[in-house]
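Below is one structure, written out as structure tokens; comments come after it.
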Amino acid sequence: MVDFTPAQFAECAAQIVEAGRDFAQRGWTPATSSNFSMRLSADRLAVTVSGRDKGKLTPADIMVCDLAGKAVDTDARPSAETLLHCQIYRRYPEAGAVLHTHSLAQTLASRLWAQAGQLELAGFELLKAFAGYTTHDARMLVPVFPNSQDMQELAELIDRYLQQKPITHGYLIDGHGIYTWGEDMLSARRHLDAFEFLLNCELELRKMQR
Ligand SMILES: [Zn+2]
């Protein structure tokens with residue numbers, strides 16, 4: 001069943017390519033790490049092909065897969081962590097784009113708050129950058145999950161968490177990076193930007209408090 005048009009795929013691929021170039025310039029995607037996706041339809045997504053330099057993506061580096069992470073109409077292999085993208089699309093029908101990067105701040109924060117299992121962001125004006133947050137006087141809990149090379153295992157761990165409470169709007173993986181999402185690429189990028197800034201704030205504050 002084809003439930004999206006070639007033009008739709010081309011538009012998503014263009015947005016993913018542009019995001020990759022921007023994030024790479026900012027140093028958030030070292031050594032071919034990171035992966036990005038956009039929802040094409042209820043059960044199809046456009047996702048980066050495994051192992052490509054995210055600063056030099058072309059539309060040929062974007063492929064289609066289903067919500068189980070299986071490649072559709074291509075021999076290309078999707079990013080290793082595609083299952084985690086699929087999980088977000090399945091859990092949040094309103095999610096239109098998922099971004100995963102490995103910036104220095106994301107990686108350091110994930111290490112620092114791994115033991116606590118979560119990081120609380122509170123009191124920052126920039127919390128208003130997140131969908132549904134209308135005041136700085138809000139709290140956001142960012143879960144930190146232990147890393148694993150077994151994506152099935154990691155997805156199950158995150159699923160168990162999601163059964164208890166929702167995640168708004170992202171999570172960290174220890175020693176690894178961040179996942180965030182939004183209703184479209186624009187809002188997912190706004191969330192990623194805000195997380196990056198706020199994680200840097202928390203890291204700097206910690207240094208000053210020593
Ligand atoms: Zn990763």
Side-chain angles (χ1 to χ4, degrees), residues 12-13 15-39 45-57 61-63 65 67-71 76-92 95-115 117-119 142-162 167 169-182 185 188-189 191-200 203:
C12 287
Q15 290 189 36
I16 291 172
V17 166
E18 192 199 316
R21 196 171 306 139
D22 180 40
F23 302 157
Q25 265 167 15
R26 294 157 89 169
W28 298 356
T29 66
T32 78
S33 69
S34 309
N35 34 73
F36 322 119
S37 67
M38 287 186 78
R39 188 195 288 277
L45 56 133
V47 64
T48 40
V49 173
S50 181
R52 302 290 158 87
D53 179 337
K54 302 306 180 300
K56 297 191 178 113
L57 292 175
D61 299 319
I62 316 301
M63 59 179 287
C65 74
L67 280 206
K70 219 162 73 35
R77 204 158 48 87
S79 283
E81 295 168 38
T82 300
L83 267 187
L84 300 184
H85 291 244
C86 295
Q87 173 178 53
I88 293 162
Y89 291 115
R90 283 199 306 263
R91 178 69 63 161
Y92 296 107
V98 177
L99 301 172
H100 166 56
T101 52
H102 292 212
S103 78
L104 186 64
Q106 292 153 16
T107 309
L108 290 176
S110 73
R111 301 251 69 180
L112 276 174
W113 280 276
Q115 218 181 355
Q118 63 184 32
L119 155 64
V142 184
V144 185
F145 296 107
N147 199 13
S148 171
Q149 297 308 314
D150 183 337
M151 284 309 130
Q152 196 70 48
E153 184 185 293
L154 194 49
E156 280 166 18
L157 183 73
I158 296 165
D159 230 29
R160 280 199 292 278
Y161 183 98
L162 281 165
I167 299 178
H169 294 277
Y171 60 80
L172 291 165
I173 303 176
D174 183 16
H176 184 159
I178 199 167
Y179 271 84
T180 186
W181 53 92
M185 182 56 94
R189 287 182 69 163
H191 291 167
L192 184 62
D193 244 339
F195 272 126
E196 178 67 13
F197 179 81
L198 294 174
L199 292 177
N200 270 301
L203 291 170

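Whatever order the structure lists them in is the order used to number ligands and atoms, beginning at 1. For this chain, numbers begin at 1 and follow the sequence in order. Computed over heavy atoms, backbone and side chain alike; hydrogens, waters and symmetry mates excluded. Note that the structure is predicted; figures quoted are calculated from it, not measured.
Put simply, the side chain of Thr180 never gets that close to the backbone of Leu99: no donor and acceptor are under 3.5 Å apart. Of the possible donor and acceptor atoms, one in the side chain of Tyr89 sits under 3.5 Å from a partner among the backbone N and O of Val98. Without hydrogens or angle criteria, Thr29 side chain to Ser34 main chain gives no donor-acceptor distance under 3.5 Å. At distances below 3.5 Å, at least one donor-acceptor pair connects side-chain atoms of Ser148 with backbone N or O atoms of Asp150.
A salt bridge between Arg90 and Asp159 is absent, with no side-chain N of the basic residue lying under 4.0 Å from a carboxylate O of the acidic one.
Around the Zn ion (ligand 1), protein N, O or S atoms at less than 2.8 Å comprise Glu81 OE2, His100 NE2, His102 NE2, His176 NE2.
When Arg52, Lys54, His85 are each tested for a side chain to side chain donor-acceptor pair (under 3.5 Å) with Asn35, only one passes: His85.
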